[in-house]
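Proteins come first, then strands; the chains are lettered A, B, ... in the order of their sequence lines, and each starts at number 1. FYI, side chains are in, hydrogens and waters are out, and symmetry mates aren't considered; it's all heavy atoms of this structure.
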Number of protein chains: 2
Amino acid sequence: MKLASSRDRAPGRPVSRQVLADHVYEELLAWLMDGRLEPGAAVSIDGTARELDVSPTPVREALARLEHTGMVRRVALKGYRVAPVFTREDFAELMEARLAIEPVNARLACSRMTPEGLADLRGAVKDLETAPRGPSFAEFRDYLEADERFHKLIAEQSGNQFMLSAYNALGGQVQRFRLFGGVGITDAEQAIAEHQAVFEALASGDPEQAAAAMEDHVQKVRARAIADAPAD
Amino acid sequence: MKLASSRDRAPGRPVSRQVLADHVYEELLAWLMDGRLEPGAAVSIDGTARELDVSPTPVREALARLEHTGMVRRVALKGYRVAPVFTREDFAELMEARLAIEPVNARLACSRMTPEGLADLRGAVKDLETAPRGPSFAEFRDYLEADERFHKLIAEQSGNQFMLSAYNALGGQVQRFRLFGGVGITDAEQAIAEHQAVFEALASGDPEQAAAAMEDHVQKVRARAIADAPAD
DNA sequence: CATAGACAAATCCTATAGGAATGGGGCCTC
DNA sequence: GAGGCCCCATTCCTATAGGATTTGTCTATG
């Protein structure tokens with residue numbers, strides 16, 4: 001594979017303002033979410049560099065950033081590995097944390113919601129409704145993406161950089177993908193209804209109602225996931 | 001300055017299992033907390049490498065990790081800078097986030113508290129009481145360290161890796177140091193009393209009481225800080 | 001057959017070198 | 001005198017090379 005290097009761009013074009021390490025970072029992120037890198041698999045620095053046709057230096061920098069997100073783990077002098085699979089305990093902890101953080105985000109976002117923010121949220125809900133949700137990963141990828149975007153938009157609209165950081169620390173983007181990695185979407189109808197409820201609560205302008213709707217949603221997600229959890 | 005390289009160790013001695021990038025990371029962290037690197041100051045990769053007598057590669061890796069903590073910011077092709085100073089809005093957002101996260105941590109920690117955890121907390125409170133708190137940074141450094149340790153211990157004792165990540169995402173360790181950078185400690189007596197209250201609530205084993213004590217503490221910290229906030 | 005030791009390949013880690021971009025200072029032009 | 005242009009020093013960014021470490025395999029020995 002060959003990444004676009006900053007050297008390759010045509011002269012005069014607006015510069016990309018992005019360096020190779022950033023491209024490598026996003027490429028690795030895509031690999032993780034595509035399931036191309038399975039949990040526990042080793043991520044060789046030199047190997048990845050050869051694969052992407054870059055030198056190990058930017059790969060090293062990209063992995064250093066990824067490590068802090070929890071998606072890969074590093075052991076000194078041994079290299080990087082994709083973080084291990086989610087256990088039931090991990091899932092329970094994640095939901096506990098989401099219950100602590102996301103209703104607060106909804107409450108804050110509700111009181112500071114802009115028309116543009118509402119429009120973005122409406123778009124995410126729409127995408128959630130129309131996204132295909134077949135059994136294979138490629139088919140429900142868009143669904144999960146819209147789900148994640150909905151929650152992330154609320155975190156951003158909270159207007160609180162630390163709440164956004166805390167939300168991001170949950171690793172929502174990827175944890176979500178990995179959670180359903182072998183399961184598929186079985187609760188789309190209910191989940192969509194709950195997202196609509198959250199959206200309407202936000203649109204209504206009542207912060208407490210928004211927080212309650214979000215809490216209800218997360219709790220129901222937890223209940224459904226526990227009900228048909230895959231074996232560890 | 002010269003960092004200990006893995007090459008320097010005597011043969012046969014147990015290997016350090018730590019690489020140069022880790023040393024650089026911790027050294028930079030210390031610089032940030034010592035105030036040796038002021039907000040807004042540029043952190044040159046090559047310059048830092050020369051200063052620490054290492055090559056730029058491990059410095060680059062260390063900075064990539066630091067960036068994700070919010071302590072330094074990177075602009076592509078321009079380099080790293082220490083994150084700008086806290087504004088009043090930043091502070092308000094931080095306290096809002098702490099109010100959302102820390103009482104939950106206290107509640108969880110209370111129900112899962114171990115005797116060892118309680119002993120550690122007791123030690124942190126003791127250190128808080130006995131730490132000097134003079135006007136200069138070096139003098140109240142230990143005080144802030146004990147304060148931070150107290151809250152971090154509770155986050156760890158929560159037994160929830162995601163709540164701990166969320167807490168760390170607030171940048172507690174450093175934000176705290178930077179907050180009081182030019183102010184000094186003026187509320188030690190009240191703060192110590194509140195920490196003792198939180199500790200006793202945790203020791204009592206009543207999760208709701210622990211959460212309430214923590215919420216009370218954070219709200220009072222906010223109130224006091226707003227009262228005598230430095231000009232932006 | 002099991003185990004310990006040695007060799008080899010792969011990998012990580014660091015240093016060095018050089019191309020590329022940025023920022024500042026001086027100079028020229030209008 | 002003001003504005004624009006060019007040059008140069010500094011710094012970032014990437015590639016390459018080589019030493020150090022780990023791991024798998026193979027062999028020899030008890």
Side-chain angles (χ1 to χ4, degrees), chain A residues 1-28 31 37 40-68 72-82, chain B residues 1-28 31 37 40-68 72-82:
Chain A
M1 186 176 299
K2 185 78 157 59
L3 292 181
S5 164
S6 62
R7 280 196 314 283
D8 303 342
R9 66 186 171 75
R13 207 105 61 80
V15 290
S16 76
R17 292 277 175 246
Q18 212 179 9
V19 290
L20 224 43
D22 296 334
H23 289 289
V24 174
Y25 181 89
E26 299 192 2
E27 191 65 29
L28 284 174
W31 286 8
L37 290 176
V43 183
S44 156
I45 293 176
D46 290 347
T48 304
R50 283 192 299 272
E51 186 96 4
L52 296 176
D53 197 38
V54 297
S55 78
T57 309
V59 175
R60 183 170 281 282
E61 189 172 332
L63 281 171
R65 292 183 213 164
L66 271 177
E67 189 201 1
H68 209 283
V72 299
R73 298 185 189 286
R74 183 183 75 106
V75 178
L77 305 180
K78 288 190 59 178
Y80 289 89
R81 288 190 163 279
V82 181
Chain B
M1 188 175 299
K2 183 76 158 60
L3 291 180
S5 164
S6 62
R7 276 197 318 284
D8 303 343
R9 68 186 170 75
R13 208 102 62 79
V15 290
S16 76
R17 294 278 174 240
Q18 213 180 9
V19 290
L20 224 42
D22 296 335
H23 288 291
V24 174
Y25 181 89
E26 300 192 3
E27 191 64 30
L28 284 174
W31 285 9
L37 292 176
V43 184
S44 157
I45 294 177
D46 290 347
T48 304
R50 283 192 299 271
E51 186 97 6
L52 295 176
D53 196 38
V54 297
S55 78
T57 309
V59 174
R60 180 171 282 285
E61 190 172 331
L63 281 171
R65 293 183 212 164
L66 272 176
E67 188 201 3
H68 210 283
V72 300
R73 298 186 190 286
R74 183 183 75 107
V75 178
L77 305 181
K78 287 190 59 179
Y80 290 89
R81 287 190 164 278
V82 181

Selected nucleotide, minimal atom distance to [X] side chain, candidates [options]:
X       : options                : result
A:Arg50 : C:dC13, D:dT16, C:dT11 : C:dT11
B:Arg60 : D:dC12, D:dA15, C:dT14 : D:dC12
B:Thr57 : D:dT22, D:dC13, C:dT14 : C:dT14
B:Lys78 : C:dT22, D:dT21, D:dC13 : C:dT22
B:Pro58 : D:dA15, C:dT14, D:dT14 : C:dT14
B:Leu77 : C:dT22, C:dT16, C:dA15 : C:dT22

Round to the nearest Å and state the distance from [X] atom [atom1] to [N] atom [atom2].
X       : N      : atom1 : atom2 : value
B:Leu63 : D:dC12 : CG    : P     : 9 Å
B:His23 : C:dC13 : NE2   : P     : 13 Å
B:Leu20 : C:dC12 : CG    : P     : 17 Å
A:Ile45 : C:dT14 : CD1   : C1'   : 12 Å
A:Glu51 : C:dT11 : CD    : C1'   : 16 Å
A:Tyr25 : D:dT14 : OH    : P     : 16 Å

Just to verify, which of B:Arg74, B:Glu61, B:Arg65 counts as forming a side chain to side chain contact (heavy atoms under 4.5 Å, CB included) with A:Arg65?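 That would be B:Arg74; it is the only one of B:Arg74, B:Glu61, B:Arg65 passing the side chain to side chain contact (heavy atoms under 4.5 Å, CB included) with A:Arg65.
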Of B:Asp46 and B:Glu61, whose closest DNA chain C nucleotide lies nearer the 5' terminus?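 Its nucleotide being nearer the 5' end, the pick is B:Glu61.
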Taking OP1 and OP2 of C:dC12, is either one under 4.0 Å from a side-chain nitrogen or oxygen of A:Ser44?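 Yes, such a contact exists.
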Going from CD on B:Glu51 to OG on B:Ser44, what distance comes out if it is rounded to the nearest 0.5 angstrom?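 Here the interatomic distance stands at 10.0 Å.
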Once rounded to the nearest 0.5 Å, what's the spacing between atom OH of A:Tyr80 and atom CG of A:Leu66?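 Taking OH in A:Tyr80 and CG in A:Leu66, the distance rounds to 9.0 Å.
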A:Ala21 near the nucleic acid: base, sugar-phosphate alone, or nothing, with a heavy-atom cut-off under 4.0 Å?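 Sugar-phosphate: the residue A:Ala21, judged by heavy atoms under 4.0 Å, touches backbone atoms but no base.
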Classify the nucleic acid contact of B:Val59 as base, sugar-phosphate or nothing, counting any heavy atom under 4.0 Å across all strands shown.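 Since no nucleic acid heavy atom lies under 4.0 Å of B:Val59, the category is nothing.
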Please check: side-chain N/O of A:Arg81 versus main-chain N/O of A:Arg73, any donor-acceptor pairing under 3.5 Å?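 Here the side-chain-to-backbone pair does not exist.
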Using heavy atoms to find the nearest nucleotide of DNA chain D for B:Val43 and A:Ser55 separately, return the residue whose nucleotide is more 5′.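 Nearest nucleotide further toward 5': that of B:Val43.
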Provide the closest heavy-atom pair for B:Ala62 versus B:Leu28 in the form atom of the first, atom of the second, distance.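 Minimum heavy-atom contact is CB-CD1, 4.4 Å.
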